[in-house]
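Protein chains get the first letters and strands the later ones, always in sequence-line order, with residue 1 at the start of each. Remember, predicted model here, so these are calculated numbers, not experimental data.
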Amino acid sequence: MNSKIFLNTKFLILPNSNTTSIEILSELIRKFGGEIIEDLEDLDKNTVILINDSYIGDSGSLIQQDLFRRECHVNFTTLEDFVHANELQIVRVSCVSRWIKQGAFQILGEDLVSIISDTGEEHGSQTSTDNSITDIIIDENVPDSEAETEGNIELESFEDVENRNSMQYEHINEPLIESSYINLGKNDVLIKALNLLAKKYRLKGDQFRARSYTLAKASIEKCPYKIESGAQAQRELTNIGLSIAKKIDIILKTGILPGLEEVNLVERKLDYFTNCHAVGSYKAKRWELFKLSSFSDVVTRFPDDFITDWTMLFGWSYYEDWSKRISREECECHLKIVKDTLKTIDPSCHVELQGSYVRGSETCGDIDLLFYKQYCDDTKEIGIIFEKLVRLLFRKGFIQCSLMLTSKLQETFKDILRERFQKCGLKYPSGSSLFASDINKKYYLGTKLPTSVYKARDEPPLLKLKECDKYMSLSSSRKNENPCRRLDFFCCKWSEIGAARMQWTGSGEFNRWIRLLADKHGLKLSQHGLFTREGELLESYDERKIFQLLHVDYVKPELRSEGLWQQDETKGMIKK
DNA sequence: GGGCCGTACTG
DNA sequence: CAGTACG
DNA sequence: GCCC
């Protein structure tokens, strides 16, 4: 019944395609036969350029050009040339929903967008005057300043947000609604909305409100039937209260996710920053407050931030590589290399994969390795092995960078560090220590396999650096080279192997759930074991015993990923 | 109205 | 101590 | 924002 109205048509979405609603649109385009491209190399003469409506002014031309260029994930000038040479059509993204609705791919005159720079000159200065009155600025600031001045007592009601935003962005929201022809899963719209709300509050630094939305989302994900009303959800599911119930009603009624569209430029900036290692909501908020929107902005304005938190240099350098997923096979190759070198240092030291790998994930975000020695409860000993191991693996070219140092290792890595500092115009702080301890119980590393051992599939990163930040990038781009991976070393005492495996197997949500459960029993659980409130050890060696002491059936690692472990414990999901 | 996981490392 | 990170 |  779905005609392939976009068959043989490629679409390039600008300024970027990594916002949630654009992702949904992309799915739709693919579903109706179209192809979404990310790179200019894939452009052809029939490619249609889609422009996010929030960058299109009343007259149908591009507004906020300098911002647009900065947000652009492709080189805008190159694109412009190609567009002019091949007379490509440039259309507002909101047309997609109309095409699908009408079942015909037909571009009308009013859909077309002009991207021709009025001045023809370089971007940069021309924006300051006109933009103060453009709708973008207004859209962005009104909701936020309001929320701020309300002083956190009563947050803006959902209805308010809807009134502010739905008018302007109805066309963007529209395709999410009429799911008659969009075959989304039963509660997918709700799940997506709650996920966005969680993300929004996490970026704001409101971890608890964010967590509430995460838990509510989990409840709905596990709900086997379609939710018909907010009241029903509140009645039958846990972690859904009055406020979320109201939101559910609005979404069910209108299909809109009010106030959640990508139009919020502030959130997008925060998101760009916080996806860099060592940048959390605090730093991101501060930078955003100073109107910075790229790492190159930050390095000019607050160079000290990069000196004190130098690991950001590597977060920046590997921003794209570290957003890529890793195959299980590649995880095993990383383990083998570490294991082989470990053997030459201390053959009695063991190392094993943990994290999402042991939970059986198809792909992993990073690689977690747990080290221990039989009968050895001295983690210092392993800390010393770590240091040697890191040095050897760096010399072999496997380790690219370390986000944790000791005095010896600062010496080992000093050339790389100096190069990175200088690359972004900073002076290497040769007098100061970039480490706090001389024996670390864990290491965060960047590692890369030689292609002779394993070649990872060439996939686009999930996150892209802005054009102006790319000069620092060490990500593998399209070279015949593997991406750099995040690899973590952890260690544990032999006597704590059970509790440690529990911790490092995760998931994070599973850990929080079972620790909260321990707390309800008046106990405390950590990677060091299960303890009484007074600190008396109950169990740390035998993982199954820990489960027993908490009165829960053993949960297989495969069931410890988000949302899977409470299958026998329906109370967690459905109220009784 | 207070709690929301518990720990390691950095400055 | 706060901030960031790890599962 | 939810739960006790």
Side-chain angles (χ1 to χ4, degrees), chain A residues 152 154-155 157-158 194 197-198 200-202 204-219 233-234 237-247 273-274 276-286 304-305 307-312 315 354-359 364-370 379 383 402-406 429 432-444 486-492 496 499-520 523-531 557 560-562 575:
Chain A
N152 310 343
E154 191 66 51
L155 265 150
S157 76
F158 206 55
L194 292 172
L197 283 161
K200 173 178 165 165
Y201 285 108
R202 206 173 309 120
K204 277 190 173 184
D206 188 346
Q207 50 158 327
F208 297 116
R209 199 167 267 116
R211 180 151 171 74
S212 281
Y213 283 113
T214 303
L215 292 173
K217 186 195 81 167
S219 275
Q234 190 182 0
L237 306 180
T238 54
N239 297 311
I240 293 178
L242 189 61
S243 167
I244 292 183
K246 274 192 199 165
K247 292 177 170 68
F273 285 138
T274 53
C276 173
H277 181 94
V279 183
S281 69
Y282 179 88
K283 274 201 211 87
K285 269 193 284 187
R286 196 172 118 252
D304 286 353
D305 283 6
I307 294 174
T308 53
D309 292 310
W310 58 273
T311 57
M312 282 186 327
Q354 289 286 317
S356 52
Y357 180 89
V358 284
R359 298 200 308 272
C364 306
D366 67 356
I367 304 162
D368 305 300
L369 297 178
L370 178 64
T379 49
S402 175
L403 305 176
M404 250 154 234
L405 297 172
T406 59
S432 45
S433 309
L434 304 182
F435 57 92
S437 157
D438 247 346
I439 296 176
N440 291 321
K441 293 182 197 169
K442 58 181 184 188
Y443 278 86
Y444 301 153
R486 279 282 288 99
L487 184 133
D488 295 339
F489 286 179
F490 306 111
C491 71
C492 70
E496 297 177 352
R501 281 184 177 143
M502 202 165 178
Q503 151 94 1
W504 301 119
T505 294
S507 67
E509 279 304 319
F510 173 81
N511 289 349
R512 295 171 78 158
W513 169 77
I514 199 160
R515 285 165 191 210
L516 203 59
L517 197 70
D519 186 74
K520 285 175 190 155
L523 304 173
K524 197 176 79 162
L525 179 65
S526 76
Q527 63 263 52
H528 300 301
L530 182 63
F531 301 84
R560 297 185 203 173
S561 289
E562 275 67 12
K575 285 179 184 166

Determine the contact category for [X]: base if any of its heavy atoms lies under 4.0 Å from a base atom, sugar-phosphate if only primed atoms, P, OP1 or OP2 are that close, otherwise nothing.
X       : answer
T505(A) : sugar-phosphate
Y213(A) : sugar-phosphate
N511(A) : base
R359(A) : sugar-phosphate
Q527(A) : sugar-phosphate
F208(A) : base
R486(A) : sugar-phosphate
R512(A) : base
T311(A) : nothing
C276(A) : sugar-phosphate
L403(A) : nothing

Do any side-chain nitrogens or oxygens of [X] fall under 4.0 Å of OP1 or OP2 in [N]?
X       : N       : value
K441(A) : dA8(B)  : yes
K520(A) : dC4(D)  : no
W310(A) : dT10(B) : no
H528(A) : dC5(B)  : no
S507(A) : dG7(C)  : no
K246(A) : dG1(D)  : no

Heavy-atom pair of closest approach, residues [X] and [Y]:
X       : Y       : result
A198(A) : T214(A) : CB-OG1, 3.6 Å
L215(A) : E509(A) : CD2-OE1, 4.3 Å
A499(A) : Q527(A) : CB-O, 3.4 Å

Can you tell which of [options] lies closest to the side chain of [X]?
X       : options                 : answer
I244(A) : dG6(B), dG1(D), dT10(B) : dG1(D)
N239(A) : dC6(C), dT4(C), dC2(D)  : dC2(D)
T308(A) : dT4(C), dC6(C), dG11(B) : dG11(B)
T238(A) : dC3(D), dC4(B), dA5(C)  : dC3(D)
Y282(A) : dC6(C), dG3(C), dG1(D)  : dG3(C)
W504(A) : dG7(C), dT10(B), dC5(B) : dG7(C)
Y201(A) : dT4(C), dG1(D), dT10(B) : dG1(D)
L516(A) : dG1(D), dC9(B), dC5(B)  : dC5(B)
H277(A) : dT10(B), dC6(C), dC2(D) : dC6(C)

Rounded to whole angstroms, how far apart are [atom1] on [X] and [atom2] on [N]?
X       : N       : atom1 : atom2 : result
E509(A) : dC4(B)  : CD    : C1'   : 11 Å
K442(A) : dC6(C)  : NZ    : C1'   : 5 Å
D305(A) : dG11(B) : CG    : P     : 13 Å
F510(A) : dG6(B)  : CZ    : P     : 15 Å
D438(A) : dA8(B)  : CG    : C1'   : 16 Å
R202(A) : dT4(C)  : CZ    : P     : 14 Å
N440(A) : dC6(C)  : CG    : C1'   : 14 Å
K200(A) : dG1(D)  : NZ    : C1'   : 13 Å

Quiz item: Taking the P atom of each, how far is dC5(B) from dC3(D), in whole Å?
Solution: 15 Å

Quiz item: Using atom C1' of each nucleotide, how far apart are dG1(B) and dT4(C) to the nearest Å?
Solution: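 Their C1' atoms lie roughly 29 Å apart.
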
Quiz item: Relative to the 5' end of DNA chain B, which residue comes earlier, I439(A) or R515(A), by the nucleotide with the nearest heavy atom?
Solution: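 Taking each residue's closest nucleotide, the earlier one in sequence belongs to R515(A).
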
Quiz prompt | Chi angles and distances behind the side-chain contact (heavy atoms from CB on, under 4.5 Å) call for L242(A), Q234(A) | solution = CA-CA 7 Å; L242(A) 189 61; Q234(A) 190 182 0; 4.1 Å; yes

Quiz item: Mind checking whether H277(A) and Y444(A) have parallel, tilted or perpendicular rings, split at 30° and 60°?
Solution: perpendicular

Exercise. Specify whether F490(A) and W504(A) have parallel, tilted or perpendicular ring planes, treating 30° as the upper limit for parallel and 60° as the lower limit for perpendicular.
Key: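 Taking W504(A) first and then F490(A), their aromatic rings lie parallel (interplane angle under 30°).
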
Quiz item: Considering the options R202(A), R209(A), K204(A), which one meets the salt bridge (Lys or Arg N to Asp or Glu O under 4.0 Å) requirement together with D206(A)?
Solution: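 Checked R202(A), R209(A), K204(A) against D206(A); only one passes salt bridge (Lys or Arg N to Asp or Glu O under 4.0 Å): R209(A).
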
Self-check item: Polar side-chain atom of S507(A) near backbone of F510(A) as donor-acceptor pair, under 3.5 Å
Solution: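 Yes, the answer is positive, given that a donor and an acceptor are paired below the 3.5 Å cut-off.
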
